[in-house]
Amino acid sequence: MCGQSHHHHGCDVGTGNAYQRGEGDHRAPVPALQHAVRGYLDHLAVERGLAANTLASYRRDLGRYLDTLASVGVTELAAVDPGQVEVHLARLRAGDDGHPPLAASSAARAASAVRGLQRFALREGLAGVDPSRDLRPPAPPRRLPRALPVDDVLKLLEAAGSVAATGDMPLALRDRALLEFLYGTGARISEAVGVAIDDLDTDTGAVLLRGKGGRNRLVPIGGYAVAALRGYLVRARPGLAAAGRGTPAVFLNARGGPLSRQGAWAILRGAARRAGLPGVGAEAVSPHTLRHSYATHLLDGGADVRVVQELLGHASVTTTQVYTMVTVQRLREVYATAHPRALG
């Protein structure tokens, strides 16, 4: 159950939290609370088959919840009252000394982790009531995904492969190949770093992506991405692999091991900075930016929403429809400027 996705967080709840670093008067959560959380996470892994990445997020969310309970001296889930749950959720959205404010979607996930734990405690007889029952956190706003204009994508790809910036030809080839791959396939970052040599066919220009919930999909790779991948596989990867212990992963780090999600994210951020793209707020380039741009540019080019759903690996077309909102918005802008009666 302890997936590799939660790097530096161990398998125990509460590792690396403030009280262990001696900041202020933080008390450690009592073993009974940690035991309850472990039971709940086991239940999610076994009964609900939750993905390792989601479990890692829940583990972190509940680690913070236990910190909050410990700081007010709560030693069992039966003693939690609604006010404490409310304060905890408000603190997540506002941030505190050790943590920046959570984005609306992350705060909603953390709230559902807390509510799930309290429901589990009630079902298992660890608590007589569910203090979170009447708390309805605001639904995360349905934000339109941010897509980059095509020109900005090109700037980003150029910046990624700039040897002048990295001073290292193999890493520049890798970075360019990675970002061309993300934009050329619409892969999630976790899928890109999970691609093995055998999943990739540069002759036909296709790759097998291993998606969420065990859903695999075969997607085409664009010609530019194929060329960048070939350059990397021939001129850079063998040298990087020589430093490691042999891994089938396509994308390697400087030590020859598989590139992590965090490593891929850092490459994207560095390229965005060098390309002069915004680095803060809603405009910032994020791990999903190239995926969003891929989907939006396909729809702008006339692709059918169901085809885009297949390419993105969405289980349901409703997830994909958020992109059609972006496209409709653009149609509306064109209509407003082009139709003689638009303002009538």
Side-chain angles (χ1 to χ4, degrees), residues 1-7 9 11 41 44-59 105 109 145 174-222 225-226 228-230 232-233 237 240-241 244-253 256-268 286-295 298 303 306-320 322-323:
M1 193 183 84
C2 190
Q4 37 184 298
S5 44
H6 42 285
H7 60 137
H9 290 268
C11 254
L41 290 171
L44 290 179
V46 178
E47 307 295 323
R48 300 263 304 282
L50 236 57
N53 287 352
T54 313
L55 279 171
S57 300
Y58 269 42
R59 185 175 286 110
S105 54
R109 184 204 60 222
R174 177 204 62 188
D175 295 358
R176 177 69 185 250
L178 173 68
L179 296 202
E180 287 275 11
F181 180 84
L182 287 168
Y183 179 59
T185 61
R188 301 173 176 97
I189 277 207
S190 54
E191 293 168 347
V193 297
V195 169
I197 293 287
D198 286 348
D199 297 334
L200 192 61
D201 186 344
T202 53
D203 292 334
T204 60
V207 63
L208 181 69
L209 295 177
R210 299 170 192 283
K212 284 183 168 181
R215 285 190 299 274
N216 296 347
R217 66 191 188 280
L218 194 63
V219 300
I221 316 173
V226 167
L229 281 164
R230 282 191 177 138
Y232 161 68
L233 290 171
R237 191 183 179 280
L240 293 173
R245 288 200 294 272
T247 167
V250 168
F251 296 106
L252 304 181
N253 60 30
L259 186 68
S260 67
R261 284 182 313 151
Q262 290 75 21
W265 179 196
I267 290 167
L268 179 60
S286 82
H288 260 34
T289 300
L290 286 174
R291 182 168 158 85
H292 292 327
S293 305
Y294 167 88
L298 276 170
R306 293 205 175 268
V307 173
V308 176
Q309 174 198 350
E310 289 286 322
L311 291 168
L312 290 174
H314 285 158
S316 150
V317 79
T318 51
T319 319
T320 317
V322 70
Y323 293 105

Student check: side-chain heavy atoms of [X] and [Y] closer than 4.5 Å:
| X | Y | result |
| --- | --- | --- |
| Leu233 | Ile197 | yes |
| Ile267 | Phe251 | no |
| Phe181 | Val250 | no |
| His314 | Tyr323 | yes |
| Leu178 | Leu259 | yes |
| Pro287 | Leu182 | no |
| Arg291 | Leu312 | yes |

Closest non-hydrogen atom pair between [X] and [Y], with its separation:
| X | Y | answer |
| --- | --- | --- |
| Gln309 | Ala315 | NE2-O, 3.7 Å |
| Ala187 | Ala192 | CB-N, 4.4 Å |
| Thr202 | Leu229 | CG2-CB, 4.5 Å |
| Gly257 | Thr247 | C-CG2, 4.2 Å |
| Glu191 | Leu209 | OE1-CD1, 4.0 Å |
| Val308 | Ala303 | CG2-CB, 3.9 Å |

**Side-chain donor/acceptor of Arg217 to backbone N/O of Leu311, under 3.5 Å** =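 A pair under 3.5 Å: yes.
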[X] [atom1] to [Y] [atom2] distance, which is reported to the nearest 0.5 Å:
| X | Y | atom1 | atom2 | answer |
| --- | --- | --- | --- | --- |
| Arg261 | Ile189 | CZ | CD1 | 9.0 Å |
| Ile221 | Asp201 | CD1 | CG | 8.0 Å |
| Asn253 | Gln262 | CG | CD | 12.0 Å |
| Tyr58 | Leu41 | OH | CG | 10.0 Å |
| Arg174 | Leu179 | CZ | CG | 10.0 Å |
| Tyr232 | Leu252 | OH | CG | 4.0 Å |

